[in-house]
*Asks:* 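What follows is a single structure, and I will ask about it in a moment.
Start at 1 and go down the list; that is how both ligands and their atoms are numbered. Keep in mind that this is a model prediction, so the values were computed, not measured.
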Amino acid sequence: MSSIVISEFMDAQAVEDLRARFDLRYEPGLVDDAPALRQALAGAQALIVRNRTQVRAELLDHAPGLRVVGRLGVGLDNIDMDLCARRGIRVIPALGANAQAVAEYVIATAMLLLRGAYASSAQVAGGAWPRPALSEGREIGGKTLGLLGFGDIGRRTARLGQALGMQVLAYDPVVAAHAPVWRETGVQRRELDALLRECDVLSLHVPLTESTRGLLDAPRLARMREGAVLINTARGGVVDEAALADALRAGRLGGAALDVFEHEPLPAGSALAGVPRLLLTPHIAGLTRESNLRVSSLIAEQVGAFLRG
Ligand code: NAD
C-alpha cells in the first residue's frame with residue numbers, strides 16, 4: 001500500500017476516505033515537529049500540506065520515495081516548485097476550492113471598513129448612544145473596486161462587487177489587453193499607477209513571487225486615493241507592513257484589513273500592533289466550513305487517483 005503523510009489539518013471525512021484505501025498517517029501537529037515529520041516521510045509516497053509546512057530541500061531530502069504533494073489551498077510559496085519538478089514530484093493544489101470564501105471575505109471586510117460602524121456593542125449595551133460619531137460611514141454601492149491580480153479570486157470578487165453596484169478595475173499584466181475576459185466581465189484594465197489612483201477599495205489577489213514581493217511599498221501606498229481602504233488576502237510580503245502602519249496612523253488611508261503577514265504568527269513588537277482602523281485576521285480568508293470540505297475532498301480525490309494511476 002502507498003503511504004500518505006498529512007502534516008496539517010484536513011476534513012475528517014476526507015481523511016477517512018483516504019485511510020480506507022491507503023496506509024496513512026494524519027497528524028495535524030506534524031508541521032510543528034520537524035524531526036517527526038522528516039521521520040514520517042522516510043517511507044511516504046504522498047504528502048498533504050496546507051500553507052505552513054515548508055516543502056523544500058531540507059524536507060524533501062528525507063523523502064526519497066515521495067511522488068506527490070497535495071496542497072490544501074492554492075498559494076504555492078511554501079513549496080519549492082522547481083525542486084519538485086526536478087525530482088519528478090507532482091504538486092496538486094486545490095484550484096478554485098476556497099476562492100468563494102476569499103471573495104466573500106473581501107466584500108464583507110470592504111463594507112465593514114467603509115461603514116466603520118460595527119464596534120459599538122459595548123458602548124450601546126452600556127447605555128451610550130454614539131450616533132453622531134457613527135453617522136459618517138460610507139456605502140459600497142457606487143465605489144470603485146481595484147483588483148491587483150485578476151485570476152480566479154479576483155474575478156469572483158469582481159462579480160460580487162459588481163452585484164453591489166461597484167465599478168471594477170484590475171491590474172494584471174499577464175492577462176493581455178485583448179483577452180476576452182475584460183469584455184465578458186465588464187472589468188476595466190488599468191496599469192498599476194492608475195489603479196492605485198482611481199480605486200476606493202484596493203484588494204490584492206496575486207501570488208507571492210519575485211515580481212510581487214514588496215509591490216505595495218511606501219511610494220505606491222502614497223499614490224492611493226485619500227481615504228481608500230486596502231485589503232490583503234494574498235500573501236504577506238506583497239505589502240510593506242511598516243509603511244501601511246504609517247499611512248493608517250497618518251490618517252491618509254481610510255482603513256485596512258490584513259489576513260496574511262510577512263511572518264505568521266506576528267512576532268512580538270510587530271509594527272501592526274495598535275494601529276487605528278486596521279483589522280487583522282489569522283490567515284482565514286479562504287477557510288470556511290464549506291471551503292474546508294471542498295478543498296479536502298478535492299485533494300483526497302486527486303492525490304488518491306494519482307497514487308492509483
Ligand atoms: P490565480 O493564479 O488564479 O490568480 C493570480 C493572478 O495574479 C493571475 O491572474 C496572475 O496573472 C496575476 N499576477 C501574477 N503576478 C502578477 C503581478 N506581478 N502583478 C499583477 N498580477 C499578477 O490565483 P488565485 O486563486 O486568484 O489566488 C491568488 C492568491 O491568493 C494565491 O496565490 C494565494 O497566495 C492567495 N490566497 C489566499 C488565501 C487566504 O486564505 N488568505 C486563500 C486562497 C488564496
*Asks:* Does any part of the side chain of Leu307, heavy atoms only, come nearer than 4.5 Å to the side chain of Ile4, both counted from C-beta?
*Replies:* yes
*Asks:* For Pro28, which residues count as a side-chain contact (heavy atoms from CB on, under 4.5 Å) partner, sequence neighbours excluded?
*Replies:* Phe9, Tyr26
*Asks:* Apart from Leu76 itself, what residues make up its hydrophobic cluster, given side-chain heavy atom links below 4.5 Å?
*Replies:* Val5, Leu30, Leu37, Leu41, Leu47, Val49, Val55, Leu59, Leu60, Leu66, Val69, Ile79, Met81, Leu83, Ile89, Val91
*Asks:* Okay, side chain of Gln162, backbone of Thr185: is any donor-acceptor separation there less than 3.5 Å?
*Replies:* yes
*Asks:* Is there side-chain contact between Thr233 and Val260, with at least one heavy-atom pair below 4.5 Å?
*Replies:* no
*Asks:* With sequence neighbours excluded, tell me which residues meet side-chain contact (heavy atoms from CB on, under 4.5 Å) with Ser120.
*Replies:* Gln123, Val124, Pro130, Leu134
*Asks:* Ligand 1: which residues have a non-hydrogen atom closer than 4.0 Å?
*Replies:* Val74, Gly75, Asn98, Val102, Gly149, Phe150, Gly151, Asp152, Ile153, Tyr171, Asp172, Pro173, Val174, His205, Val206, Pro207, Ser211, Thr212, Thr233, Ala234, Arg235, Asp259, Val260, His283, Ala285, Gly286
